[in-house]
Structures are given as structure tokens and as C-alpha cells.
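None of these values were measured; they are calculated from a predicted model. The figures here come from the full heavy-atom set of this structure, side chains too, leaving out hydrogens, waters and symmetry mates.
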Amino acid sequence: MVENVIWPAYLDADLSRSEGRRVPLDLAVSEPTVDEIASAVQQVGYDAVIDRDRTYPREYEPRGRVVVKGADDASKSDLLGAVAAYVVALRE
């Protein structure tokens with residue numbers, strides 16, 4: 001079973017690509033939370049596990065991470081695009 005990790009920095013509009021953002025700016029949101037990401041992952045159709053005490057290696061403050069289980073049929077970039085679109089929809 002494949003486990004993909006989604007860090008909030010991947011979807012953060014306040015970061016540049018070199019600082020860790022992995023989606024285009026039109027799909028990014030300002031300061032996404034692990035709760036928003038986990039609910040978006042579940043909307044896409046995968047199981048999500050939240051690790052709140054984890055720190056992204058390029059940051060100093062722990063924001064947590066979301067572990068996506070069972071995403072064997074999608075590449076990580078496709079998964080990030082779908083999750084980012086749902087996070088944007090949740091914010092509206």
C-alpha cells in the first residue's frame with residue numbers, strides 16, 4: 001500500500017516553489033491547516049491520517065502533516081492538484 005505525505009507547505013500560497021509549494025498559485029491557499037487538507041483528501045476518496053506534531057524539514061514551526069493511504073492509482077502531483085482544488089472550494 002502506498003502512503004503519500006502532504007505537508008501544508010505544499011499548498012501554501014505564501015511560499016514560493018523553492019520554499020516548498022508544489023501546486024500552482026491559483027490552487028494554493030494562505031496557511032492551509034491539516035484539518036482542511038484531511039477533509040479534502042476524504043472528499044477525493046482516500047483515507048487520511050493526521051500527524052499534528054510533525055515539522056516540514058524546511059520550516060521551524062510544527063504544522064503537522066497528512067498521510068494519505070491507498071492512493072495507488074494516482075500520482076502525487078495529481079493527488080496534490082485534486083486536494084488543492086477541494087481546499088480552495090472549502091474556503092469559499
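Contact record, P8 with P32: O-CG, 3.3 Å, taken as the closest heavy-atom pair. The heavy-atom pair separating Y46 from A74 by the smallest distance is OH-CB, 3.8 Å.
A heavy-atom distance below 4.5 Å is found between the side chains of K69 and V49. For the pair V67 and N4, the minimum side-chain heavy-atom distance is 4.5 Å or more. Using a 4.5 Å cut-off on side-chain heavy atoms (C-beta onward), W7 and R54 make contact. Two residues are said to be in side-chain contact when any heavy atoms from C-beta on lie closer than 4.5 Å; T55 and Y60 fail this criterion. Y10 has its side chain within reach of K76: a pair of non-hydrogen atoms, C-beta onward, lies under 4.5 Å apart. Counting only heavy atoms from C-beta outward, the side chains of D53 and P62 never approach each other to under 4.5 Å.
Contacts of R65 classified as side-chain hydrogen bond (donor to acceptor under 3.5 Å, both in side chains), with partners at least two apart in sequence or in another chain: D51. Judged as a side-chain hydrogen bond (donor to acceptor under 3.5 Å, both in side chains), and not counting sequence neighbours, Q42 has no contacts.
A donor-acceptor contact closer than 3.5 angstrom is absent between the side chains of Y56 and D12.
Connection of I37 to L15 is not established within any shared hydrophobic cluster, with ILVMFWY side chains joined at heavy-atom distances below 4.5 Å, either directly or through further cluster members. Hydrophobic clustering keeps V88 apart from L90 (ILVMFWY residues linked when any side-chain heavy atoms are closer than 4.5 Å, directly or through intermediates).
The CD1 atom of I6 sits 5.0 Å away from atom CG of L80, with the distance rounded to the nearest 0.5 Å. Of the inter-residue distances, the one linking D35 atom CG with I50 atom CD1 reads 4.5 Å to the nearest 0.5 angstrom. Annotation: the span from E19 atom CD to R21 atom CZ amounts to 9.0 Å, rounded to 0.5 Å.
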Requested in this report: Might you work through the side chain to side chain contact (heavy atoms under 4.5 Å, CB included) test for V5 and V66, ending with a clear yes or no?
Outcome: CA-CA 6 Å; V5 175; V66 177; over 6 Å; no

Report task. Any chance you could lay out the side chain to side chain contact (heavy atoms under 4.5 Å, CB included) test for R63 and V34, step after step, and finish with the verdict? Result -> CA-CA 7 Å; R63 292 203 282 177; V34 289; 5.7 Å; no

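Panel note: side chain E36, backbone T33; a donor-acceptor pair is recorded below 3.5 Å.
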Could you pull out every donor-acceptor pair under 3.5 Å between side chains of residues 24-31 and any protein atom, sequence neighbours left out?
unit_1 : atom_1 : unit_2 : atom_2 : d
S30    : OG     : D14    : OD2    : 2.9

